[in-house]
Number of protein chains: 2
Amino acid sequence: MQNRNNLSTLSLAILGLISQRPMSGYDLRKVFTTTPMGHFSSSPGAIYPALKRLEADNLVAGEIEGKNTLRPRRVYTLTKMGKERLVQRLSEPVTSEDIIWRMDDLILRFPFIGNILGLEKTLHFLKVLLQQIEAYIPSLQEHLDNMKDESSLYGAFAMQHGIETYQAHARWARRVIDQLQDKL
Amino acid sequence: MQNRNNLSTLSLAILGLISQRPMSGYDLRKVFTTTPMGHFSSSPGAIYPALKRLEADNLVAGEIEGKNTLRPRRVYTLTKMGKERLVQRLSEPVTSEDIIWRMDDLILRFPFIGNILGLEKTLHFLKVLLQQIEAYIPSLQEHLDNMKDESSLYGAFAMQHGIETYQAHARWARRVIDQLQDKL
DNA sequence: TGAGACATGTAATCGGTTACATGATTCC
DNA sequence: GGAATCATGTAACCGATTACATGTCTCA
């Protein structure tokens, strides 16, 4: 089995974490349960099969640590192909569809882009992200305006929530851009 | 087949929309594609099977409109059981797990709670929501503080993003509470 | 000696995604 | 006549959830 061509969000999280240091399935579960890292299942039924798939695809390599002890750990490392696919996944352009449908994925990508692709790429990522968000907000605003007549009070509040959430994303991006720009 | 006991987010969206007016699968798809209502698949492969399941569970009833025309529509109505289950689903208490894992679901519930359960229940919902968010933010802040040492610059920014997103939710909830309170 | 953390897995089920498939109606 | 919209579906695949299953090690 080889070459599933797209990395799911969970696979991305796993590859990203393993790229920072080799980890076992248990280690990954611990990260997912004890930190607010994305919001991943952390159930063994999700992560062990995911690791198996990544290994079958040759993106990670498992090595048994403590072979002859009674409690061995299978520790995974990024392969060369794994690194390539991770870099490729992180390099994908930020589209308006991402903003609408996959904001979580974008936020997960951010720290990995920083750590792996470096400062300049991160700034570019944030600038495009910001630009896409700023382009999306007016269409939400328009929806809200059209809604005001319909006397759907609660629907309007919900729309307002959406708009404010995106505004919060935008403010965050602007501030991070400012702070990173100083480092250049 | 009967009695799957929990309504998925998609089922909730469908029941909620149908409760406002009877709708066909195509109508539902249109809502999902043309409005920023939650972020649902809107693919026929998701919604038609979902409607079938809800009908098998006796939560909606489909009736063919335009029987003898060449382009009939199957229009679904909420059944009594469907209404009950919807009310029950909307009445579930807001837990800290919801805040962490299912924020989308909560925001989807909000307008339906407003329209179906009424003003008082909505206020209660928002107050508990706000309280849970306010209880959660400090733990995120703590995580961020512990992170500062580790020189994981980008990770810290990502955490900051999480905190600010929850703060935005909290601000929204506070403002809506204020505005609804005036209506009492 | 028992609780809790360490450690890895499988099996059944369920439902979402993608892609395919079909045909009618409306409007230009 | 052709494009867009109306309208409903199926089939293959994939992966997440839930629950089950097993055993070790450490520390109080």
Side-chain angles (χ1 to χ4, degrees), chain A residues 1-15 22-34 38-57 59-60 62-76 97 101-102 104-105, chain B residues 1-15 22-34 38-57 59-60 62-76 97 101-102 104-105:
Chain A
M1 194 130 343
Q2 49 182 350
N3 244 31
R4 294 170 191 84
N5 355 351
N6 46 355
L7 296 174
S8 70
T9 304
L10 177 58
S11 298
L12 168 61
I14 291 174
L15 290 189
M23 282 179 143
S24 67
Y26 191 81
D27 291 335
L28 289 163
R29 290 186 64 203
K30 237 187 341 180
V31 173
F32 295 149
T33 43
T34 64
H39 291 313
F40 292 100
S41 52
S42 84
S43 75
I47 116 96
Y48 289 105
L51 281 168
K52 285 268 167 74
R53 284 194 300 274
L54 291 172
E55 187 163 38
D57 286 354
L59 303 182
V60 300
E63 203 171 344
I64 296 169
E65 193 178 81
K67 258 189 176 66
N68 30 16
T69 66
L70 281 166
R71 199 170 61 187
R73 293 155 39 84
R74 183 172 295 272
V75 178
Y76 292 90
E97 281 74 34
W101 300 96
R102 287 175 293 274
D104 288 358
D105 195 279
Chain B
M1 195 131 343
Q2 50 181 347
N3 243 32
R4 294 170 192 85
N5 354 350
N6 45 354
L7 296 175
S8 70
T9 304
L10 177 60
S11 298
L12 168 60
I14 291 174
L15 291 189
M23 282 179 144
S24 67
Y26 191 80
D27 291 335
L28 289 163
R29 289 187 64 203
K30 236 185 344 180
V31 173
F32 295 149
T33 44
T34 65
H39 291 312
F40 292 101
S41 50
S42 83
S43 74
I47 115 98
Y48 289 105
L51 281 168
K52 285 267 166 74
R53 286 193 299 274
L54 291 171
E55 188 164 37
D57 287 353
L59 304 181
V60 300
E63 202 171 344
I64 296 169
E65 193 178 79
K67 259 190 177 66
N68 31 17
T69 67
L70 281 165
R71 199 168 61 188
R73 294 155 37 83
R74 183 173 294 271
V75 178
Y76 292 90
E97 281 74 34
W101 300 95
R102 287 176 292 274
D104 287 358
D105 195 280

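Each chain gets a letter, A, B and so on, in the order its sequence line appears, and its residues count up from 1.
Distance check: B:Met23 CE to B:Leu28 CG gives 5.5 Å after rounding to the nearest 0.5 Å. Rounding to the nearest 0.5 angstrom, the gap separating the CG atom in A:Asp27 from the CZ atom in A:Arg73 is 4.5 Å. One distance of note links CG of A:Asp105 with OG1 of A:Thr9; it measures 4.0 Å at 0.5 Å rounding. The OH atom of A:Tyr48 lies 6.0 Å from the OG atom of A:Ser24; values are rounded to the nearest 0.5 Å. A distance of 11.0 Å separates CG of B:Leu51 from CG of B:Leu59, quoted to the nearest 0.5 Å.
The distance between atom CD of A:Glu65 and atom C1' of D:dT24, rounded to the nearest whole Å, is 16 Å. Following rounding to the nearest Å, B:Glu97 (CD) and D:dT17 (C1') show an atom-to-atom distance of 16 Å. Put simply, CZ on B:Phe40 is 10 Å from P on C:dT17, counting in whole angstrom units. Separating the CD1 atom of A:Ile47 from the P atom of D:dG15 is a distance of 14 Å, rounded to the nearest angstrom. The interatomic distance linking B:Leu28 (CG) with D:dG9 (C1') rounds to 15 Å, in whole Å. In this structure, the CG atom of B:Leu10 is 18 Å from the P atom of D:dA16, given to the nearest Å. Rounded to a whole Å, the CZ atom of A:Phe32 is 16 Å from the C1' atom of C:dT8. In this structure, A:Leu7 atom CG and D:dC14 atom P are separated by 15 Å, rounded to whole Å.
Comparing C:dT10, D:dT8, C:dC6 by their closest approach to the side chain of A:Lys30 singles out C:dC6. Nearest nucleotide to the A:Pro49 side chain, out of D:dT10, C:dT10, D:dT8: C:dT10. Picking from C:dT10, D:dT8, C:dT8 the nucleotide with the shortest atom distance to the side chain of B:Arg29 gives D:dT8. Nearest to the side-chain atoms of B:Arg73 among the listed nucleotides D:dA7, D:dG9, D:dA16 stands D:dA7. Across C:dA5, D:dT8, D:dG15, the shortest atom-to-atom separation from the side chain of A:Arg53 is found for D:dG15. The listed nucleotides are C:dG16, C:dA7, C:dT18; the one nearest the side chain of B:Ser43 is C:dT18. In the set C:dC6, C:dA19, C:dG16, the nucleotide with an atom closest to the side chain of B:Pro44 is C:dA19. The side chain of B:Ala46 has C:dG16 as its nearest neighbour among C:dA7, D:dG9, C:dG16. Side-chain proximity of A:Ser8 to the nucleotides D:dA16, D:dG9, C:dT8 is greatest for D:dA16.
Residue contacts for B:Gly25: at a heavy-atom cut-off of 4.0 Å it reaches the sugar-phosphate backbone alone, with no base atom in range. As judged by a 4.0 angstrom heavy-atom cut-off over every strand, A:Arg74 is placed among residues touching the sugar-phosphate backbone only.
A sub-4.0 Å separation between OP1 or OP2 of D:dC6 and a side-chain N or O of B:Tyr26 is present. A:Tyr48 has a side-chain polar atom (N or O) that falls below the 4.0 Å cut-off from OP1 or OP2 of C:dT8. Considering only side-chain N and O atoms, A:Ser41 lies under 4.0 angstrom from the phosphate OP1 or OP2 of D:dT17.
Within the 4.5 Å cutoff, no side-chain heavy atoms of A:Glu63 are placed close to those of A:Val75.
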